[in-house]
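Working notes for the structure below.
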Amino acid sequence: MKQIFLFLAAILMALNASSQYKVEVETGEKPMSKGTQMAFTVMIPEAKTEEVEPVWKKYVNNRSVGERISNLATQVGNIFKSEENKTSRDRLKVETKGGEMYVRSIEVNNISKYSMDVYARITQLPEGCQFSAFFQYTDSIFINESNVDDERILSLKSYIRDFGVEAYQSVVDNQIKEAEKEVSKQEGVLKDIESKMVKQEKSITRYESDIQKFNAGIFEVENDIVRVNEIITLKKTSFPAMLKGTPEFDEAKKELKLLEKEKSACFREIKSLKGKIKSKEMDIKSAKNTIEKNELDRKKQQLVIQEKKQLVGPLVKKKEGIQ
């Protein structure tokens, strides 16, 4: 038990140490499908590519109805600007090609009054996912520090930073769900243990009822033996008054033999009932041993559940500490 609590304490310390995380965005040139362009890069710890992709698709497509209508008009206006735009495409859909995601003609009011194409690449690293975004005025130049002012750069960094926060929070959300799922799973194990205990307790009650029934049967059979013994004694006292070889004597002898046979059957019945009682007593002993073992298992499982529950709280704080 001491080892369990030491292990739990170590986990909690690690979680508390990582409960505060500030998302930072770096800028710099990185290779992408259109050559080497300025990227806005953010690190999303503990993340997997398959976790980050759907968050980005939702985030980049989070636009008002007005913006979407405006984007449609912009897209129609841009359709003759390049061969690439001659293909039909859903402007609200993030497409993927060669490991690179891109979305056409989006507008983010606090960044630019012009529509932009956004390219994104996710690189899986041991410590998490590195996410890089590239912004291009639709079918025109890529945004970099030489063609926009500092305020625009800061706005783009803020846009990607907010995504990094949302993505990391989503990762931790998944961790919380997994932790809660594990708690639920372990609670299910506890219910199974308790169900087995109840089943054994019911079995003991049933076995005890059977023993009472068998003891009652023994009592009845013993009364039958007393009755048969009385009849046998009465029959034996009448023998001296009978003449051997007479029909009366032979009949009495036959009845006496049947009575002795009935008496023997009564003793066999008692022996059988006592054997059944012994068997039920062994069943009770076995059930009690099982209950005792289950009780130990239940206490251990309660500790496991407590341990799993204590992992949820720090994860919630960890999510709250992402900024």
Side-chain angles (χ1 to χ4, degrees), residues 1-21 45-48 50-51 54-55 128 166-221 269-322:
M1 187 179 296
K2 184 178 179 182
Q3 289 179 337
I4 292 176
F5 283 113
L6 287 174
F7 176 69
L8 177 59
I11 293 176
L12 293 177
M13 286 176 64
L15 287 173
N16 287 331
S18 60
S19 61
Q20 297 293 324
Y21 182 82
E46 307 169 69
K48 301 293 182 185
E50 57 269 22
E51 292 179 295
V55 180
E166 189 171 317
Y168 192 19
Q169 285 178 338
S170 177
V171 170
V172 179
D173 259 336
N174 290 337
Q175 293 174 351
I176 292 171
K177 288 176 184 177
E178 284 300 315
E180 290 174 338
K181 183 179 177 182
E182 185 61 24
V183 169
S184 179
K185 176 183 175 182
Q186 296 304 327
E187 286 176 338
V189 173
L190 179 62
K191 282 185 179 180
D192 288 342
I193 293 171
E194 291 174 339
S195 177
K196 289 177 183 177
M197 292 178 70
V198 171
K199 184 178 178 181
Q200 292 300 324
E201 287 167 354
K202 287 182 178 179
S203 295
I204 289 174
T205 301
R206 188 171 65 252
Y207 297 150
E208 289 174 341
S209 177
D210 290 340
I211 288 174
Q212 288 180 349
K213 183 178 69 176
F214 296 149
N215 277 323
I218 289 173
F219 180 76
E220 289 179 5
V221 175
E269 179 66 14
I270 289 174
K271 184 178 180 181
S272 173
L273 289 171
K274 286 183 176 179
K276 290 178 180 179
I277 289 172
K278 187 175 181 179
S279 176
K280 294 299 177 182
E281 287 174 341
M282 291 176 67
D283 288 340
I284 289 173
K285 184 179 179 180
S286 175
K288 286 182 176 179
N289 288 338
T290 301
I291 289 173
E292 186 177 344
K293 179 182 178 298
N294 286 338
E295 181 60 32
L296 291 175
D297 290 342
R298 180 171 70 171
K299 289 179 179 179
K300 290 178 183 177
Q301 191 61 25
Q302 286 171 337
L303 285 176
V304 171
I305 291 171
Q306 183 182 356
E307 173 190 334
K308 299 298 182 183
K309 283 183 175 179
Q310 287 179 333
L311 293 177
V312 177
L315 284 171
V316 172
K317 289 183 179 179
K318 178 179 173 182
K319 179 185 174 183
E320 292 171 351
I322 299 171

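Below, each value reflects all heavy atoms present in this structure, side chains not excepted, and no hydrogens, waters or symmetry copies.
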- Are Asn215 and Ile218 close enough that some pair of their side-chain heavy atoms sits under 4.5 Å apart? yes
- Item | Considering all heavy atoms, the nearest Val312-Ala179 contact | CG2-CB, 3.9 Å
- Work out which heavy atom in Val171 is nearest to a heavy atom in Pro45; give both atom names and the distance. CG1-O, 4.2 Å
- Query: Taking the side chain as C-beta and beyond, is there a heavy-atom pair between Asn294 and Arg298 under 4.5 Å?
  - Reply: no
- Query: Is there a side chain to side chain contact (heavy atoms under 4.5 Å, CB included) between Lys299 and Glu295 once you walk through the steps?
  - Reply: CA-CA 6 Å; Lys299 289 179 179 179; Glu295 181 60 32; 3.4 Å; yes
- For Thr290, does its backbone N or O pair with a side-chain atom of Gln200 as donor and acceptor, under 3.5 Å? no
- Item | From Gln302 atom CD to Glu307 atom CD, the distance as rounded to the nearest 0.5 Å | 14.0 Å
- How would you list all residue pairs meeting side-chain hydrogen bond (donor to acceptor under 3.5 Å, both in side chains) that involve residues 189-199, not counting sequence neighbours? none
- Message: How close do Val55 and Ala167 get, counting heavy atoms only, and between which atoms?
- Response: CG1-CA, 3.9 Å
- Item | Side-chain touch Glu180/Lys308, heavy atoms, less than 4.5 angstrom | no
- Task: Measure the shortest side-chain to side-chain distance between Leu303 and Lys300 over non-hydrogen atoms and say whether it is less than 4.5 angstrom.
- Result: no
- Between atom CD1 of Ile322 and atom CD of Glu320, what is the distance when rounded to the nearest 0.5 Å? 10.0 Å
- Query: Looking at CD of Glu269 and OG of Ser272, how far apart are the two atoms once the value is rounded to the nearest 0.5 Å?
  - Reply: 5.5 Å
- Query: Can you check whether Gln169 reaches Lys318 side chain to side chain, under 4.5 Å on heavy atoms?
  - Reply: no
- Note on the structure: Minimal heavy-atom distance between Gly217 and Leu273, with the atoms involved, is C-CD1, 3.6 Å
- Message: Let me confirm one number: the OG-OH distance from Ser279 to Tyr207, rounded to the nearest 0.5 Å.
- Response: 8.5 Å
- Inter- and intrachain pairs under salt bridge (Lys or Arg N to Asp or Glu O under 4.0 Å), touching residues 272-292, at least two apart: Asp210-Lys280
- Does some side-chain heavy atom of Glu208 sit less than 4.5 Å from a side-chain heavy atom of Gln212? no
- Query: Can you list the steps and then say if Val189 with Gln186 is a side chain to side chain contact (heavy atoms under 4.5 Å, CB included)?
  - Reply: CA-CA 5 Å; Val189 173; Gln186 296 304 327; 4.2 Å; yes
- Of Gln301, Lys309, Glu182, the one forming a side chain to side chain contact (heavy atoms under 4.5 Å, CB included) with Glu187 is Lys309
- Item | Point-to-point distance, once rounded to the nearest 0.5 Å, from NZ of Lys293 to CD1 of Ile193 | 8.0 Å
- Message: A side-chain contact here means heavy atoms from C-beta on lying under 4.5 Å apart; do Ile284 and Ile211 qualify?
- Response: yes
- Rounded to the nearest 0.5 angstrom, the CD-CE distance for Glu201 and Met197 is 6.0 Å
- Do Lys319 and Tyr168 have side chains that get closer than 4.5 Å, going by heavy atoms? no
